[in-house]
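The first residue of the sequence shown is numbered 1, and numbering continues consecutively from there.
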Amino acid sequence: VQLQASGGGLVQAGTSLRLSCTDSARAVSRNAMGWFRQAPGKEREFVSAISWSGGSTYYSDSVKGRFTISRDNDKNTVYLQMNTLRPEDSAVYYCAQAKEGSRYYNPIWPFPEYEYWGQGTLVTVSS
């Protein structure tokens with residue numbers, strides 16, 4: 001499984017970005033998925049997760065109300081729509097595939113609930 005995250009970039013505070021995560025082996029469409037981020041000098045943190053069907057979504061308190069996770073299993077893609085971005089949202093964002101049957105919606109560092117990770121995409125928000 002090789003997850004590929006994309007869509008990062010340099011933006012101003014208050015604007016939006018949409019990240020995408022896909023995988024040529026169609027692994028994305030098989031399980032729950034999550035987004036994480038890691039800022040320089042900080043531990044990786046959970047951002048959001050979505051069930052296999054897309055019917056259940058979960059967010060960290062720091063992004064709730066601003067970020068939206070979604071998925072299109074026909075396109076084998078998971079998205080993270082990030083609105084009203086803040087400088088503190090700057091980080092490398094990673095998508096990850098959850099282990100089947102795991103508590104993917106409440107992962108605990110170092111996140112053993114997830115077994116496959118993408119390479120990350122950098123988001124930089126300027127003030």
Item to complete: Could I get the full list of ring-ring contact (aromatic ring centres under 6.0 Å, His included) partners for Phe36, not counting sequence neighbours?
Response: Phe46, Phe111, Tyr114, Trp117

Worksheet item: Which heavy-atom pair separates Cys95 from Ala5 by the least distance, and what is that distance?
Response: SG-CB, 4.1 Å

Worksheet item: Between Arg37 and Val63, is any pair of side-chain heavy atoms under 4.5 Å apart?
Response: yes

Item to complete: Flag yes if Val47 and Leu19 sit in one hydrophobic cluster, no otherwise; membership is Ile, Leu, Val, Met, Phe, Trp, Tyr, and two members link when side-chain heavy atoms are under 4.5 Å apart.
Response: yes

Worksheet item: Pairs in or reaching into residues 61-90: which pass disulfide bond (SG atoms under 2.5 Å apart), with residues at least two apart or in two chains?
Response: none

Worksheet item: How would you list, by chain and number, every residue that makes a salt bridge (Lys or Arg N to Asp or Glu O under 4.0 Å) with Asp74, sequence neighbours excluded?
Response: none

Worksheet item: Which pair of heavy atoms, one from Glu113 and one from Ile108, lies closest together, and at what distance?
Response: OE2-N, 3.2 Å

Fill in: Listed partners of Thr57 passing side chain to side chain contact (heavy atoms under 4.5 Å, CB included), at least two apart
Ile50, Tyr59, Ile69

Fill in: Results of side-chain hydrogen bond (donor to acceptor under 3.5 Å, both in side chains) for Gln2 - residues two or more places apart only
none

Practice prompt. Indicate, with yes or no, if Tyr116 and Met33 share a hydrophobic cluster defined by side-chain heavy-atom contacts under 4.5 Å among Ile, Leu, Val, Met, Phe, Trp and Tyr.
Written response: yes

Worksheet entry | Donor-acceptor contact below 3.5 Å, side chain Thr22 vs main chain Asn76 | yes

Response to the item:
Smallest heavy-atom separation, Ser127 atom then Ala13 atom, equals CA-CB, 4.3 Å

Discussion item. Once rounded to the nearest 0.5 Å, what's the spacing between atom CZ of Phe67 and atom CZ of Arg18?
Written reply: 14.5 Å

Discussion item. Tyr94: which residues meet the side-chain hydrogen bond (donor to acceptor under 3.5 Å, both in side chains) condition with it, sequence neighbours left out?
Written reply: none

Worksheet item: For residues 23-70, which residue pairs qualify under disulfide bond (SG atoms under 2.5 Å apart), counting only residues two or more places apart or in two chains?
Response: none

Worksheet item: What closest approach, in Å, do Leu3 and Ala96 show between heavy atoms, and which atom pair accounts for it?
Response: CD1-CA, 3.8 Å

Practice prompt. Look at the side chain of Thr121 and the backbone N and O of Tyr93, then say whether any donor-acceptor pair between them is shorter than 3.5 Å.
Written response: no

Practice prompt. Sorted by first residue and then second, give each side-chain hydrogen bond (donor to acceptor under 3.5 Å, both in side chains) pair with at least one member in residues 63-72; sequence neighbours left out.
Written response: Asp61-Lys64, Arg66-Asp89, Arg71-Asn73

Worksheet item: Among all residues two or more places apart in sequence or in another chain, which pass the ring-ring contact (aromatic ring centres under 6.0 Å, His included) test with Tyr105?
Response: Tyr58

Worksheet item: Of all residues at least two apart in sequence or in a different chain, which pass the side-chain hydrogen bond (donor to acceptor under 3.5 Å, both in side chains) check with Ser60?
Response: Ser62

Discussion item. According to salt bridge (Lys or Arg N to Asp or Glu O under 4.0 Å), who are the partners of Glu100, at least two apart in sequence or on a separate chain?
Written reply: none

Tabulate below the donor-acceptor pairs under 3.5 Å that side-chain atoms of residues 79-86 make, not counting sequence neighbours, or state none.
from, atom 1, to, atom 2, distance (Å)
Gln81, NE2, Asn83, OD1, 2.9
Asn83, OD1, Ser16, OG, 2.9

